[in-house]
Amino acid sequence: MYGLAKIGCFLAGCCHGKEYYGPFAVVYSNEHKGSYFPIQLVDMVIFLLIHVFALVLTNKMKNKVRAIYIILAVTIPIRFALEYTRYYHDGTLIAPGQVTVLITGVIAFIMVAVWKKVLKISYVEK
């Protein structure tokens, strides 16, 4: 859903990338007038690829909880790294948006662990 939601951001010009004049630069002439890194398009492609990866992984793996942990382990660092290209990243090593990604990622891991425990999910590895 995140990848698809970025279509709206791309069309509106919100959530745009940092100022950029290289290949594939996106130019807006609305209230966000300027030339920007196409982060919305990058987000769309990457997160749609992650979705395909997640589908294949969950279909191939017997242990679905482990598959979810792998998906989270892939998604969180990618989302963290993409924050560096957004217009609101202030140039610091870790910006507030990245802290939000990390906190949300930790919460996601905790929720999956609790979910597994509550449902008493266990798998025998072959």
Side-chain angles (χ1 to χ4, degrees):
M1 288 309 299
Y2 182 76
L4 294 176
K6 288 302 167 179
I7 294 170
C9 291
F10 175 69
L11 296 174
C14 63
C15 308
H16 56 77
K18 292 189 176 287
E19 190 171 319
Y20 174 75
Y21 297 95
F24 306 107
V26 177
V27 178
Y28 292 104
S29 57
N30 58 12
E31 68 270 12
H32 305 291
K33 190 175 282 188
S35 179
Y36 302 105
F37 181 77
I39 188 58
Q40 307 98 323
L41 297 176
V42 172
D43 275 343
M44 275 191 305
V45 170
I46 288 176
F47 282 93
L48 289 173
L49 288 173
I50 289 173
H51 176 71
V52 171
F53 168 73
L55 286 174
V56 170
L57 194 64
T58 55
N59 284 322
K60 295 277 185 188
M61 289 185 71
K62 181 174 179 150
N63 188 333
K64 304 302 183 200
V65 175
R66 183 171 289 158
I68 292 169
Y69 281 130
I70 292 169
I71 294 162
L72 288 173
V74 168
T75 303
I76 294 165
I78 289 173
R79 181 69 173 86
F80 181 88
L82 288 173
E83 282 291 308
Y84 286 111
T85 61
R86 300 191 191 288
Y87 74 94
Y88 53 75
H89 193 279
D90 58 8
T92 59
L93 185 60
I94 298 178
Q98 291 169 304
V99 172
T100 302
V101 169
L102 293 176
I103 290 170
T104 306
V106 168
I107 291 169
F109 272 100
I110 291 169
M111 287 176 65
V112 172
V114 168
W115 173 69
K116 179 183 175 189
K117 192 134 184 109
V118 168
L119 296 178
K120 295 178 176 74
I121 299 172
S122 64
Y123 291 95
V124 177
E125 293 292 323
K126 290 186 177 184

(message) Determine whether a donor-acceptor pair (N or O, by modelled atom type, separation under 3.5 Å) exists between the side chain of Ser35 and the backbone of Ala25.
(response) no
(request) Give a yes or no on whether the backbone of Leu41 and the side-chain of Lys6 come within a donor-acceptor separation of less than 3.5 Å. (result) no
(request) Supply the atom-to-atom distance Tyr88 OH to Lys18 NZ, rounded to the nearest 0.5 angstrom. (result) 10.0 Å
(request) Would you name the heavy atoms of Glu83 and Gly97 that are closest together and state the gap between them? (result) OE1-CA, 3.6 Å
(message) For residues Trp115 and Ile71: do they belong to one hydrophobic cluster (side chain heavy atoms under 4.5 Å, members Ile, Leu, Val, Met, Phe, Trp, Tyr)?
(response) no
(message) Side-chain heavy atoms nearer than 4.5 Å, only ILVMFWY residues, links allowed to pass through others: does that put Ile94 and Val101 together?
(response) yes
(message) Is there a path of hydrophobic side-chain contacts, each under 4.5 Å between heavy atoms of I/L/V/M/F/W/Y residues, joining Val112 to Ile103?
(response) yes
(message) Counting only heavy atoms from other residues, nucleotides and ligands, does the tally under 6.0 Å from CE of Met111 exceed 12?
(response) no
(request) Indicate yes or no for a side-chain donor-acceptor contact from Gln98 to the backbone of Ala95 under 3.5 Å, with no hydrogens or angles considered. (result) yes
(message) For Gly17 versus Ile39, what's the shortest heavy-atom pair and its separation?
(response) N-CG2, 3.3 Å
(request) Go through the steps to decide whether Phe53 and Thr58 satisfy the test side-chain contact (heavy atoms from CB on, under 4.5 Å), and finish with yes or no. (result) CA-CA 9 Å; Phe53 168 73; Thr58 55; over 6 Å; no
Let me have the donor-acceptor pairs involving side chains of residues 43-52, under 3.5 Å, with sequence neighbours excluded, atom names and distances please.
from  : atom 1 : to    : atom 2 : distance (Å)
Asp43 : OD1    : Arg86 : NH2    : 3.3
Asp43 : OD2    : Tyr2  : OH     : 3.4
Asp43 : OD2    : Arg86 : NH1    : 3.1
Asp43 : OD2    : Arg86 : NH2    : 2.8

(message) Quick check against the 3.5 Å criterion: does Lys33 have a side-chain atom that pairs as donor or acceptor with the backbone of Val27?
(response) no
(message) Tell me whether Ile107 shares a hydrophobic cluster with Phe109, the cluster being built from Ile, Leu, Val, Met, Phe, Trp, Tyr side chains joined at under 4.5 Å.
(response) yes
(request) Taking the six-membered ring for Trp and the single ring otherwise, decide whether the centroids of Tyr36 and Tyr87 are under 6.0 Å apart. (result) no
(request) Report the relative orientation of the aromatic rings in His16 and Tyr28; use parallel for angles under 30°, tilted for 30 to 60°, perpendicular for over 60°. (result) tilted
(message) If you compare all heavy atoms of Thr100 against all heavy atoms of Thr104, which two are closest, and at what distance to 0.1 Å?
(response) O-OG1, 2.7 Å
(message) Could you check whether any side-chain N or O of Tyr84 sits under 3.5 Å from a backbone N or O of Leu93, counting only pairs where one atom can act as donor and the other as acceptor?
(response) yes
(message) When you group the ILVMFWY residues by side-chain heavy-atom contacts below 4.5 Å and let the links chain together, are Val74 and Leu82 in the same group?
(response) yes
(message) Give me the atom names and distance for the closest heavy-atom approach of Val26 to Pro38.
(response) CG2-CB, 3.5 Å
(request) Only one of Phe24, Tyr20, Tyr21 passes ring pair (Phe, Tyr, Trp, His ring centres under 6.0 Å) with Phe37; say which it is. (result) Tyr20
